[in-house]
Amino acid sequence: MNEAEAKVDKQGRFQAYISQGVREGALIGLVALCVYLFMALISYNPEDPGWANTGHNQVATNYAGRTGAWFANVLFYFFGYVAYLFPLLISYKAWLQFHNRHKKMEFHWPLFFVRLLGFVLVLISATGLLSIYSIAGLPISSGGVLGQEISASMLKAFNLSGSSLLLVAIFLFSITVFTGLSWLKLMDRTGALTLKLAYKLIAGFKRFKAYIAERSADAHERKADKERQQSSAKQTAVKEPPLLLDEVSVGSENEPQRNSLFSKIKNRVALKKHAKAEGLNEHSVSPKRVDPVLGGIEQHQVEVGRDRSKESKQHSTAIEKIVAKEKIIAEEDQKGKGLKIAPFLKKSSQSESKRVAKEKQGKLFAFEEGRLPPITLLDPPEKIKEQGYSKEVLEHLSRLLEEKLGDFGVSIEVVEVNPGPVITRFEIQPAPGVKVSRITNLAKDLARSLAVLSVRVVEVIPGKSVVGIEIPNEKRQIVRFSEVLSTKEFDDSQSPLTLALGNDIAGDPIVVDLAKMPHLLVAGTTGSGKSVGVNAMLLSMLYKSTPEEVRLIMIDPKMLELSIYDGIPHLLTPVVTDMKEAANSLRWCVAEMERRYRLMAALGVRNLAGYNRKVKDGIEAGEPLKDPLWKPDENLLNGEEDRPELTTLPCVVVVVDEFADMMMIVGKKVEELIARIAQKARAAGIHLILATQRPSVDVITGLIKANVPTRIAFQVSSRIDSRTILDQGGAEQLLGHGDMLYMPPGTGMPIRVHGAFVSDDEVHRTVDDWKQRGEPDYIEEILTGGDTSEAIPGLSGESSGDSEQDALFDEAVAFVTETRRASISSVQRKLKIGYNRAANLVEAMEAAGVVSEAGHNGAREVLAPPPPKD
Ligand SMILES: Nc1ncnc2c1ncn2[C@@H]1O[C@H](COP(=O)(O)OP(=O)(O)OP(=O)(O)O)[C@@H](O)[C@H]1O
């Protein structure tokens, strides 16, 4: 940079420095002048000494002092109230100075003169107008001397109206000239501002209206909730239609206030249903409540973002609430549409079995009678099946289920609905962290809330990660026995001990094999369908097997249910009603079991099927097998040629209806006999069906439970009873009338079965048919006991029976199975009894199969499982 340039640069910087100082100095000076003038004008006192008058005051009262008083006097004298225009003008100039501080200062003379002209014109017109329309307060006219002069000459020339018009026009024009203000633009801006203001006012009013509506709706709802609570407390019975009534009344006592939203949705569900019933459009009912508020929502939402004031925040929360509610309702509708409603997948083909087809043919061509009674003897299934809930009701129920569980603090989502012939299963997906036991514990509350008979919670559905909620259909289909017998499943089953239980929840037949169980325990309260169930089992065998295949021993302490079967060829002995005879028949079973074991051992086979096959093969080959156990009678002097031929052995099924009565009358001996049969009889083809209506631990003892692995629970009165039978709850949630839980052996998962219905007539017809087919071949020793009772190995004699009847026997069994220690001394210590009594108890336990025989070191193994924990 050369010297000249540096000089120019220095000068430039100096100029910039000066110009900035001048600008800022001018700004400060102008502000100070404006304030000073303004002070002087507002505190103007005519008493002060001034330009036009000397005044009485020695000391000026003006805030701006004598000078200020003087200036004020001059300005007011000449221009009247227009004097205020001067500080106003100066403040405008100061603002311009500030606004354009970064711009280069340029002085434009023509513009300056135009502006000055404008200013003069403003002074003239304003003062003139003020003098014509004088405002009091100044010693001279409010337009000052200038105004006086102008108005006088104007009035002379143009009169009042003409002068006024002219002066207003000049004033407006001069303002434009002076300030550059465009009146048209101003009008535009004013219009826009007015409109904006009007919008704001309307929006504010709408928000306020919405807020008021919301508050009154809430108050109304709280009041309605309260009334509902009171009325539901008073209500003892739920009226028709149960679902709708429940939606508004039942369960509301559990609803906290915060859930009033749910009650609104509930009402909506009710309204929708009602609307449907009335044939109304759904929308004609529901949106009415929200219409007034919905109108302004969108606009409000936009403004809520802008307006940060407190009041608008309050309003916005009210609006957000409403929007949220609408969202929920919309979601609800959406969900309803997305819900999967599919009937259960059926496994069975439903086509009729070969046997049914054959029977039809047989009828047609009058074939010879079959070896079994025809299924046509039974009542045919109903042609018109009851239909479950409609799709709409299922959707509503799903939402209701979600709400109700939500009310109890359990958040779930219904993912699928499977309507079945008797019940409908809702598959629900619990929210993360929700324990399924919480839902199970709510079963009763849910049933009440949904106004249904009962609700069963299926904690685990194999192959799915959902929980099942089963609710009964309004009308249930009756499962006819004939429809289960006509299925392929029953026909294809090879076992002579095939039992047709009924249909599962999907309507598929449940056909089971007693031989595989191998013993069955059936329990349920009075009227639960237990006797019908046992009849169905017996008829299943009568429609599947001949007396050569299956023989029956029926024990009926009530002398009621089973006596109907008396006289059929399957019976080994007349229906047993005497309990002493019942004990003898059990004893015979044990002896028969032992005999069969010996026979099987002699023939080298492992089970009854193997034995029967071998015997049959021998007969078919023309070389029937001889009885290896036969001993020649010394008195009769018979020889080897008299050795009888072996015949096939039938399965023996012992059916005990009301097994609790037998236990009470005969005592513990029965338990021991049953345990004995249950432990070993599978291979020997002896099976037990034990039914009781008293599922208590003194009837279904640990010993029996340990030996009878397959259970069927009909409806019971409590969860404890259900646990006694199934080792888990669930049976208390059944519907009765043949609804049962079937627990197959070796599984912990009960299957829900709707039992097949068998009428007494059907039983009579079947029994009569069998009676015509053959006579029973009774074995007398069964009832008398014969000499078999003494000869049963392993079966305790009367002395051990006494020990078993010891009052402490059960306690001792419980102790031993629990601690898994079977020593006499520990029993002695635990029960605080003498050595002999403890030893007898342990021996009785050995005889009952609870503990093993003493080993070479005297130690015994505990065989029975530990007692169930309630
Ligand atoms: N599978 C079924 N389907 C429809 N209804 C049934 C079914 N099973 C039973 N019922 C109805 O339930 C009633 C009671 O059944 P059931 O007599 O078998 O009960 P229970 O448990 O044996 O009672 P109790 O112990 O007093 O004899 C029957 O009269 C019948 O109307």
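Residues: numbered from 1 along the sequence shown. Just follow the structure's listing: the first ligand is 1, and inside any ligand the first atom is 1.
- When each atom of ligand 1 is checked for a heavy atom of Gly527 under 4.0 Å away, the hits are 14 (C), 19 (O), 20 (P), 21 (O), 23 (O), 24 (P), 26 (O).
- Ranking the protein heavy atoms by distance from atom 25 (O) of ligand 1 puts Gln693 OE1, 2.9 Å first.
- At least one protein heavy atom sits closer than 4.0 Å to atom 23 (O) of ligand 1.
- For the pair Arg476 and ligand 1, the shortest N or O to N or O distance does not fall below 3.5 Å.
- Within the structure, the closest approach of Val758 to ligand 1 does not fall below 4.0 Å when heavy atoms are considered.
- At a 4.0 Å heavy-atom cut-off, ligand 1 touches Ala756 through the backbone alone.
- Not a single donor-acceptor pair under 3.5 Å links the side chain of Asn503 to the backbone N or O of His754.
- The backbone N or O of Asp379 sits less than 3.5 Å from a side-chain atom of Glu762, completing a donor-acceptor pair.
- Salt-bridge check for Arg723 with Asp727: failed, with every basic side-chain N at 4.0 Å or more from each acidic carboxylate O.
- Every atom of ligand 1 with a heavy atom of Glu561 under 4.0 Å away is listed here by number and element: 27 (O).
- Nearest protein neighbour of atom 1 (N) of ligand 1, counting heavy atoms only, is Gly755 O, 2.7 Å.
- Other residues, nucleotides and ligands contribute over 12 non-hydrogen atoms within 6.0 Å of the NZ atom of Lys464.
- Using a 4.0 Å cut-off between charged nitrogen and carboxylate oxygen, Asp721 and Arg694 do not count as a salt-bridge pair.
- Under a cut-off of 6.0 angstrom, the local environment of NZ in Lys444 is sparse, with at most 12 non-hydrogen atoms contributed by other residues, nucleotides or ligands.
- Nearest non-hydrogen protein atom to atom 26 (O) of ligand 1 is Thr526 CG2, 3.1 Å.
- Taking every heavy atom of Thr525 and a limit of under 4.0 angstrom, the matching atoms of ligand 1 come to 21 (O).
- At the top of the distance list for atom 17 (O) of ligand 1, counting protein heavy atoms only, stands Ser531 CB, 4.2 Å.
- Across the listed options Val534, Val532, Leu735, Val479, Val532 owns the non-hydrogen atom lying nearest to atom 18 (O) of ligand 1.
- Sorted by first then second residue, the ring pair (Phe, Tyr, Trp, His ring centres under 6.0 Å) pairs that include residues 527-586, not counting sequence neighbours, are His570-Trp770.
- Atom 30 (C) of ligand 1 has its closest protein heavy atom at Phe757 CE1, 3.8 Å.
- Residue-to-ligand polar distances place Gly529 within reach of ligand 1: an N/O pair is separated by less than 3.5 Å.
- Between Asp739 and Arg752 a salt bridge is recorded (basic side-chain N to carboxylate O distance below 4.0 Å).
- With Asp504 contributing its side chain and Gly507 its backbone, the two residues share a donor-acceptor pair below 3.5 Å.
- Side-chain atoms of Arg676 never come within 3.5 Å of backbone atoms of Gly849 as a donor-acceptor pair (strictly under, hydrogens ignored).
- When Lys530, His737, Met740 are checked for heavy-atom proximity to atom 10 (N) of ligand 1, His737 turns out nearest.
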